[in-house]
Colleague: 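Mind having a look at this structure? Questions to follow.
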Amino acid sequence: MPKYKGEYRFSFGPWNIDEGADPFGPAVRRPERLAKKIKTAKQLGFDGVQFHDDDVVPDIDTKTPAQIAREAKRVKRMLDNEGLQAEFVAPRLWFAPQTVDGAFTSNDPKCRKYAIERSRVAIDIKNIIEAPWMVMWLAREGSYVRESKNPRIEVLQIRDAFNELLAYDPTLMILVEPKPNEPVDSAIIPTIGHAVGLGFLTDDPARVGCLVETAHSVLAGLDPADDMAYALAFDKLKSVHLNDQGGLKFDQDKSFGSFNLRRAFNQVRVLEEYGYGRHGEWVGFDVKTMRTQKQRVNTKHLANSRQTFLFLLDKVATLDKKIEAQLVKARDYEELDRYILCHLMGVKY
Ligand code: 3MF
Ligand code: MG
């Protein structure tokens, strides 16, 4: 019998090995080349890499389709050489001057057009590097000043954009990664419920799934394990961005389990109970290098997050189901609480 119900493949993105700049200070580490980051992924035991479109093709807006294809093929070869897969390509719709006021929901029709064209290019790249899906973190779709947008129209603009992209590539699968705020004050697709609902508005709901990020759920005041469970109940959870977050503050992207180990345990529990990964789902980490890390130890957060996941998987598998069932039956949840804590701490129950 296999040890676990789930089959786990791990990924992270090149932005997860960063230079440590924050809004209050400059970079504190040297940038690393993509080729090195890809090698690191292999060395640390990861199975795949997540990409923004311009992680694959830098300065994407200045390049011709032929140049873009050539550079994307080069990255595909780099992945093949390491035996790694691309998990997804996400269009970076929050960086260009055209996306200052939002991408699909900008008040300027020329800018909305840019967002669709840019997403089409991202789809082409996704297909060249053979990633199974495109992730849409709708970073600037929302508002700073509510009266500046019509929120109902915004939802429909995103629906229309998704419909155009789904029609552009009949094999496309879009995963929506919700986040309630940052960079905008108030995002129009803030939670996983909104993401699932948005999929049902499109012309092909079966090709719109979602991605739950721990920190984003916490920022919405929600429990990430419950958010994952909700999406799983709809068969919509294809990827996760595991990390951690110390309450309602800026998006921290701390190492998985580093702030709230029990909350991390429950995320792993939900995934394992479902048999996550058996239908191609990925376990991604979206964790930041701590600003204080020196150059040569700038990937520990990735190795640690993956290892914590595996340790917690073991905790999930070795939980005594009989004790759990007895305590649930007796409705003695105080005792269940104590049992879980003893189990997590590794002390005798
Ligand atoms: C922001 C995020 C993003 C997305 C990434 C892929 C930069 O809080 O989580 O990371 O995960 O754009 O969709
Ligand atoms: Mg993320």
Side-chain angles (χ1 to χ4, degrees), residues 10-23 34 37 48-58 60 86-96 99 102-104 115 118-119 122-123 125-126 129 131-142 158 162 165 172-192 194-195 198 208-220 222 224 227-228 231 237-246 248-256 267 281-289 301-302 305:
F10 301 101
S11 66
F12 65 83
W15 65 91
N16 295 126
I17 302 175
D18 62 77
E19 294 85 61
D22 67 18
L34 181 62
K37 292 181 180 181
V49 182
Q50 319 163 1
F51 293 97
H52 292 124
D53 49 4
D54 58 358
D55 292 325
V56 183
V57 182
I60 194 169
E87 190 213 324
F88 66 72
V89 174
R92 198 191 294 272
L93 294 174
W94 53 91
F95 225 78
T99 58
F104 305 130
R118 171 78 182 244
S119 303
I123 292 170
I125 293 175
K126 176 198 94 64
I129 68 173
W133 34 67
M134 158 176 269
V135 167
M136 285 284 189
W137 168 45
L138 300 165
R140 297 196 186 275
E141 319 296 11
I158 299 172
F162 280 18
L165 299 175
L172 177 66
M173 172 94 192
I174 299 175
L175 306 190
V176 181
E177 178 180 349
K179 182 177 180 182
N181 59 281
E182 201 190 44
V184 287
D185 258 11
S186 202
I188 196 75
I189 306 296
T191 71
I192 209 65
H194 293 79
L198 178 63
V208 185
C210 47
L211 180 162
V212 169
E213 171 162 327
T214 314
H216 298 178
S217 293
V218 175
L219 286 170
L222 299 170
D227 273 1
M228 288 172 193
L237 191 70
K238 305 294 167 201
S239 189
V240 288
H241 270 177
L242 301 181
N243 56 23
D244 216 349
Q245 171 75 24
L248 300 181
K249 48 178 96 176
F250 64 95
D251 185 10
Q252 294 182 296
D253 296 341
K254 292 166 82 70
S255 290
F256 182 54
Q267 290 166 69
E281 302 94 345
W282 281 82
V283 175
F285 293 99
D286 196 355
V287 286
K288 254 187 215 121
T289 321
H301 58 306
L302 293 162
S305 293

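Numbering of ligands and ligand atoms starts at 1, following listing order.
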Colleague: Per the side chain to side chain donor-acceptor pair (under 3.5 Å) rule, which among Thr289, Asn243, Asp253, Asp286 passes with Asn16?
Modeller: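 It is Asp286, the one option of Thr289, Asn243, Asp253, Asp286 that forms the side chain to side chain donor-acceptor pair (under 3.5 Å) with Asn16.
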Colleague: Tell me whether Asp55 is salt-bridged to Lys37, with the criterion being a basic N under 4.0 Å from an acidic carboxylate O.
Modeller: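 Between Lys37 and Asp55 there is no salt bridge, as every charged N stays at least 4.0 Å from the carboxylate O atoms.
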Colleague: Can you work out which protein residues put a heavy atom within less than 4.0 Å of ligand 1?
Modeller: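 If the criterion is a heavy atom under 4.0 Å, then ligand 1 touches Trp15, His52, Phe88, Ala90, Trp94, Val135, Trp137, Glu177, Lys179, Glu213, His216, His241, Asp251, Asp286.
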Colleague: Roughly how far apart are Glu141 CD and Thr99 OG1, rounded to 0.5 Å?
Modeller: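 Nearest 0.5 Å value for the CD-OG1 distance: 9.0 Å.
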Colleague: Please report the interatomic distance CG(Leu165) to OG(Ser119), rounded to the nearest 0.5 Å.
Modeller: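 Those atoms lie 5.0 Å apart.
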Colleague: Atom CG in Leu242, atom CD in Gln267: separation rounded to 0.5 Å?
Modeller: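 It comes to 6.0 Å.
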Colleague: For a side chain to side chain contact (heavy atoms under 4.5 Å, CB included) check, start with the C-alpha distance between Arg118 and Asp54, then their side-chain angles and the critical distance, and finish with the verdict.
Modeller: CA-CA 10 Å; Arg118 171 78 182 244; Asp54 58 358; 3.7 Å; yes
Colleague: Sorted by chain and residue number, which protein N/O/S atoms are under 2.8 Å from the Mg ion (ligand 2)?
Modeller: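 As for protein N, O or S atoms lying under 2.8 Å from the Mg ion (ligand 2), they are Glu177 OE2, Glu213 OE1, His241 ND1, Asp286 OD2.
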Colleague: If you round to the nearest 0.5 Å, how far is CE of Met228 from CG of Leu211?
Modeller: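 Separation between the atoms: 8.5 Å.
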Colleague: Can you sort out the partners of His52 under ring-ring contact (aromatic ring centres under 6.0 Å, His included), two or more places apart, ordered by chain and number?
Modeller: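 Result, ring-ring contact (aromatic ring centres under 6.0 Å, His included) vs His52: Trp15, Trp94.
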Colleague: Using the test side-chain contact (heavy atoms from CB on, under 4.5 Å), find all partners of Lys238 that sit at least two apart in sequence or belong to another chain.
Modeller: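 By the side-chain contact (heavy atoms from CB on, under 4.5 Å) rule, Lys238 matches Trp133, Met173, Leu175.
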